[in-house]
A.B. asks: 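My questions will all concern the structure given below.
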Amino acid sequence: MKELKVQPIRNGTVIDHIEPGAALSVLKILGVNGENVKGTVSVAMHVRSKKDEWKDIVKIEDRELYSNEVNRIALISPHATINIIRDYNVAEKKSVKLPEVVRGIVRCANPNCVTNSNEPVETSFLVVRERPLTLKCHFCDRVQSNVEKYII
């Protein structure tokens, strides 16, 4: 039986252990689309992991992630790992971490919240539950899930 493999990248980022089905959301968070890509982008969805579980994987050639991008990924896949690849080797490996308080990267679903007005207020949410991710607004106490569509 032939096995197809994804080609290794020389330099860039591999985002591994993404929640199954969330790879396309990761690409959206990173702003990756067909028009702004300079190197190869590989997406593997619903791949069996060594732990006999399922995961997604995203490889982006010639790009390293900023910390604010890693924080956004943590919101939709809190157990993902980020591997920085340099000269075909893993130069850095880190796990994303969902913070206890999420600031400035999610907007409140409540249209009447002070954070959705013209006031210069940074959003702030308490993480109520990790799975499914549920946040509580610091200002209006709105509890919201389905956070993906509110990521700034």
Side-chain angles (χ1 to χ4, degrees), residues 6 9 11-49 51-86 90-152:
V6 177
I9 57 176
N11 297 301
T13 303
V14 176
I15 308 161
D16 198 0
H17 302 286
I18 301 170
E19 296 290 325
L24 298 179
S25 297
V26 168
L27 292 176
K28 182 179 177 185
I29 285 171
L30 299 177
V32 174
N33 60 43
E35 298 171 3
N36 65 356
V37 177
K38 295 181 177 127
T40 300
V41 175
S42 302
V43 177
M45 297 180 74
H46 208 70
V47 176
R48 191 175 293 280
S49 73
K51 296 178 183 176
D52 206 29
E53 297 172 0
W54 299 99
K55 65 180 180 178
D56 289 0
I57 304 168
V58 172
K59 288 184 173 187
I60 305 172
E61 192 172 38
D62 295 327
R63 179 168 176 199
E64 293 186 15
L65 303 184
Y66 297 107
S67 61
N68 64 341
E69 292 172 319
V70 173
N71 291 340
R72 286 177 174 85
I73 291 170
L75 292 173
I76 61 166
S77 193
H79 302 289
T81 57
I82 309 294
N83 298 300
I84 304 301
I85 309 298
R86 295 189 186 117
V90 177
E92 296 176 43
K93 183 172 188 161
K94 51 189 163 191
S95 298
V96 300
K97 183 170 178 1
L98 188 62
E100 292 179 16
V101 177
V102 176
R103 288 189 175 86
I105 58 176
V106 175
R107 68 179 171 81
C108 185
N110 178 0
N112 296 320
C113 181
V114 68
T115 61
N116 288 320
S117 67
N118 291 328
E119 298 296 324
V121 179
E122 180 180 57
T123 61
S124 179
F125 293 88
L126 177 66
V127 175
V128 176
R129 184 177 25 213
E130 187 175 306
R131 285 188 182 195
L133 181 60
T134 307
L135 304 178
K136 180 178 178 183
C137 180
H138 172 77
F139 297 98
C140 72
D141 292 330
R142 166 76 64 101
V143 175
Q144 64 189 60
S145 52
N146 197 8
V147 174
E148 181 182 328
K149 69 180 186 178
Y150 296 103
I151 296 174
I152 300 171

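All residue numbers in this chain count up from 1 along the given sequence.
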A.B. asks: Report yes if the side chains of Ile29 and Leu75 come closer than 4.5 Å at any heavy-atom pair, otherwise no.
C.D. replies: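 They are not in contact (no side-chain heavy atoms under 4.5 Å apart), so the answer is no.
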A.B. asks: Restricting to salt bridge (charged side-chain N to carboxylate O under 4.0 Å, His left out), what partner residues turn up for Arg63, sequence neighbours left out?
C.D. replies: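 In terms of salt bridge (charged side-chain N to carboxylate O under 4.0 Å, His left out), with neighbours along the sequence ignored, Arg63 is linked to Glu69.
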A.B. asks: For Pro99, enumerate each residue passing the side chain to side chain contact (heavy atoms under 4.5 Å, CB included) test, keeping only those at least two apart in sequence or located in another chain.
C.D. replies: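 Residues passing side chain to side chain contact (heavy atoms under 4.5 Å, CB included) with Pro99: Val102.
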A.B. asks: Ser42: what forms a side-chain hydrogen bond (donor to acceptor under 3.5 Å, both in side chains) with it, not counting sequence neighbours?
C.D. replies: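 None.
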A.B. asks: Measuring only between side-chain heavy atoms, which start at C-beta, is Pro20 closer than 4.5 Å to Glu53?
C.D. replies: no
A.B. asks: Tell me the salt bridge (Lys or Arg N to Asp or Glu O under 4.0 Å) pairs involving residues 20-31, sequence neighbours left out?
C.D. replies: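 Qualifying pairs: none.
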A.B. asks: Donor-acceptor pair, distance only, cut-off 3.5 Å: does the side chain of Thr13 make one with the backbone of Ile60?
C.D. replies: no
A.B. asks: Quick one: does Asp62's side chain get under 4.5 Å of Lys38's, heavy atoms only?
C.D. replies: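 Asp62 vs Lys38: side chains apart.
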A.B. asks: Would you mind listing every side-chain hydrogen bond (donor to acceptor under 3.5 Å, both in side chains) that reaches into residues 135-152, with sequence neighbours excluded?
C.D. replies: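 Residue pairs with at least one partner in residues 135-152: Ser25-Glu148.
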A.B. asks: Suppose we screen for side chain to side chain contact (heavy atoms under 4.5 Å, CB included). Which residues come up paired with Val70, at least two apart in sequence or across chains?
C.D. replies: Leu65, Ile82, Val96
A.B. asks: Just to verify, what does Arg86 make a salt bridge (charged side-chain N to carboxylate O under 4.0 Å, His left out) with, not counting sequence neighbours?
C.D. replies: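 For Arg86, the residues satisfying salt bridge (charged side-chain N to carboxylate O under 4.0 Å, His left out) (neighbours in sequence not counted) are Glu64, Glu92.
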A.B. asks: Report yes if some heavy atom in the side chain of Ile15 is under 4.5 Å from a heavy atom in the side chain of Leu30; otherwise report no.
C.D. replies: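 Counting from C-beta outward, Ile15 and Leu30 do come under 4.5 Å.
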A.B. asks: Apply side chain to side chain contact (heavy atoms under 4.5 Å, CB included) to Asn83 and list each qualifying residue two or more places apart in sequence or on a separate chain.
C.D. replies: Val14, Asp16, Thr81, Ile85, Val90, Lys93
A.B. asks: With Leu135, which of Val143, Val106, Leu126 fulfils side-chain contact (heavy atoms from CB on, under 4.5 Å)?
C.D. replies: Val106
A.B. asks: Side-chain contact test, heavy atoms from C-beta onward, threshold under 4.5 Å: evaluate it for Ile151 versus Ile76 and give yes or no.
C.D. replies: yes
A.B. asks: I need the full list of ring-ring contact (aromatic ring centres under 6.0 Å, His included) pairs touching residues 52-84, with sequence neighbours left out, sorted by first then second residue.
C.D. replies: His46-Trp54
A.B. asks: Does anything in residues 100-126 pair up under side-chain hydrogen bond (donor to acceptor under 3.5 Å, both in side chains), and if so which pairs, sequence neighbours excluded?
C.D. replies: none
A.B. asks: Shortest non-hydrogen contact from Asp56 to Ala23?
C.D. replies: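 Taking every non-hydrogen atom into account, OD2-N, 3.1 Å.
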